[in-house]
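Just so we're on the same page: letters track the sequence lines, and every chain starts at 1. The structure displayed is predicted, hence computed values, not measured ones.
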Number of protein chains: 2
Amino acid sequence: MPRRTKAEAEATREALLDAAEDVFLEKGVSRTSLEHIARHAGMTRGAVYWHFKNKADLFHAMLDRVKMPLQQIIDDITAERQASGPLNTLRLATLHAFEMLERPRSCRVHTILMHRCEFISDINPVELQNRLASDCREVVRRCFQQAHDEGLLIDEIAPDVATLMLHSMIGGLVHDWLRAPDSFSLRESGGEAIDSLFQLITRSARS
Amino acid sequence: MPRRTKAEAEATREALLDAAEDVFLEKGVSRTSLEHIARHAGMTRGAVYWHFKNKADLFHAMLDRVKMPLQQIIDDITAERQASGPLNTLRLATLHAFEMLERPRSCRVHTILMHRCEFISDINPVELQNRLASDCREVVRRCFQQAHDEGLLIDEIAPDVATLMLHSMIGGLVHDWLRAPDSFSLRESGGEAIDSLFQLITRSARS
DNA sequence: ACACGCATACATACATGAATGTAAATGCCA
DNA sequence: TGGCATTTACATTCATGTATGTATGCGTGT
């Protein structure tokens, strides 16, 4: 029974993307065929090829439904640069990214990106994440530099080192948590670790 | 021209594994066929099927030629628990793992593991890394606990939090560096970040 | 209000290519 | 000469892309 209403067509498109998330998460991207996805959504491959050009197109459509955590951090930092100082801006942006990641769809999609796929067509997530990481590091670095200039950072830590510490901690926490979300709480334990880092490198807190 | 001497047969086995590293690294595991690997080594698929049962078997043989960095850290910690205190043991073990990772073969294989493969047969690297991460965290935690009991750790940081901080920093640094080895030096910049962390959480250094 | 026509939203069928596993053939060393 | 290392050839499976079929929603004219 083809040709539903326009709203129903959009619903099946979303259903196909939902199914893609499920199957990608379970079997990995390269091992799932479009047939798998279609059947999991209760349809056939024809529906997939109607809504999407091919597997890569579907994959990118799936990515478009979520926001990259590093992009979120970049946006948060550049948006509210006043707040209560650069260090607090960094800390809050990080915690905000953690909150976003705990949303089910975000969690699934980013787990797929980090642990369930290697390449997709010619645009691979490694390069994508690479650019994002580079941009994010630069924004964070400028923030730490500003904190340093305002005397908020302790002398023992150079802005570049603080940048690497924060950036690697974020990446490591996200990576580990997405691999095993039940092993610890990203918001609680992860947030605690981030808070501790900022407590350690903030001058006023240690005198 | 088949049937060289036994030593030459072993050499072709190694050549096949070398080729596998190259091609996996370039195209990703799922997108490389055994034909690709064989041709890159100057042979045919038959040679591959003689030395290895299938792709998964070859993959695991490739893994067996290197040591997991987290396993290295575990071994280092459990081996030389005397050294100059638990904190220094942790620090040196981490830096040692970084050194190991900069060896070409280690670098290639672990890049493949982190960024070029999703699943391989029924044994997937995610589960493998998961167990390792869990074990390593436990060993590190015990080490931090000992440091805490000996009064080496500052009061602001609980052993569990220190564990998560160190573990996530290691994971993040390795992850980022393997994705873009030219963006920074793991030994230098990464080591500096690790050193700074230990400097921040060590009591004697701040009074 | 109702029939008409067309574009839409799928399902089905088919052709192609690629990767796999295996069996047979072949040469080389001991 | 016989078993080892490797190639070649073949059958099978599987995913893809495309082409075609088809029924329905929806706008249009009257």
When the distance from [atom1] of [X] to [atom2] of [N] is rounded to whole Å, what number comes out?
X: L16(A); N: dA11(C); atom1: CG; atom2: C1'; answer: 13 Å
X: K6(A); N: dC10(C); atom1: NZ; atom2: C1'; answer: 16 Å
X: E8(A); N: dG25(D); atom1: CD; atom2: P; answer: 8 Å
X: L58(B); N: dA19(C); atom1: CG; atom2: C1'; answer: 15 Å
X: R31(A); N: dT20(C); atom1: CZ; atom2: C1'; answer: 13 Å
X: E10(A); N: dC10(C); atom1: CD; atom2: C1'; answer: 15 Å
X: R13(B); N: dT6(D); atom1: CZ; atom2: C1'; answer: 16 Å

Measuring from L92(B):CG to E99(B):CD, what's the distance to the nearest 0.5 Å?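 Reported to 0.5 Å precision, the distance equals 9.5 Å.
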Is the backbone N or O of E35(B) less than 3.5 Å from a side-chain atom of R45(B), with the two atoms forming a donor-acceptor pair by type?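 Such a contact is absent between R45(B) side chain and E35(B) backbone.
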Checking E118(A) side chain against V29(B) main chain: does a donor-acceptor pair fall under 3.5 Å?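 Yes.
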Name every residue in residues 37-44 of chain A that has at least one heavy atom under 4.0 Å from any atom of DNA chain C, in order of residue number, or write none if there are no such residues.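 Result for residues 37-44 of chain A: M43(A), T44(A), sorted by number.
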Pairing residues for H115(B) by the ring-ring contact (aromatic ring centres under 6.0 Å, His included) criterion, not counting sequence neighbours: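 Testing H115(B) for ring-ring contact (aromatic ring centres under 6.0 Å, His included), a comparison that skips the adjacent residues, returns H175(B).
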Who are the salt bridge (Lys or Arg N to Asp or Glu O under 4.0 Å) partners of K53(B), not counting sequence neighbours?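 Listed in chain order: nothing, the list is empty.
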For R105(B), all residues meeting salt bridge (Lys or Arg N to Asp or Glu O under 4.0 Å), sequence neighbours excluded: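 D18(B), E21(B).
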Can you name the nearest heavy-atom pair linking F184(B) to R137(A), along with the distance?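 F184(B) and R137(A) have their closest heavy atoms at CE2-NH1, 4.2 Å.
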First encountered from the 5' end of DNA chain D, between H36(A) and H51(B):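 That would be H51(B).
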Stepwise side chain to side chain contact (heavy atoms under 4.5 Å, CB included) test for M165(B) and L200(A): CA-CA 12 Å; M165(B) 291 179 75; L200(A) 287 174; 4.1 Å; yes
Just call it for A47(B): base, sugar-phosphate, or nothing, with non-hydrogen atoms closer than 4.0 Å on any strand.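 Here A47(B) touches the bases of the nucleic acid.
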Phosphate OP1/OP2 of dC14(D): any S33(A) side-chain N/O under 4.0 Å: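 False: S33(A) side-chain N/O out of range (4.0 Å or more) of dC14(D) OP1/OP2.
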Can you figure out which of dA15(D), dT6(D), dC10(C) approaches the side chain of W50(A) most closely?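 The closest nucleotide is dC10(C).
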Contacts of Q71(B) that satisfy side chain to side chain contact (heavy atoms under 4.5 Å, CB included) - sequence neighbours left out: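 Applying side chain to side chain contact (heavy atoms under 4.5 Å, CB included) to Q71(B) gives K67(B), M68(B), I74(B), D75(B), L132(B).
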Measure all distances between protein nitrogen or oxygen atoms and nitrogen or oxygen atoms of nucleotides 17-19 of chain D, and list the pairs falling under 3.5 Å.
{"residue": "dG17(D)", "atom": "OP2", "partner": "Y49(A)", "partner atom": "OH", "Å": "2.5"}
{"residue": "dG17(D)", "atom": "N7", "partner": "R45(A)", "partner atom": "NH1", "Å": "3.1"}
{"residue": "dG17(D)", "atom": "O6", "partner": "R45(A)", "partner atom": "NH2", "Å": "2.6"}

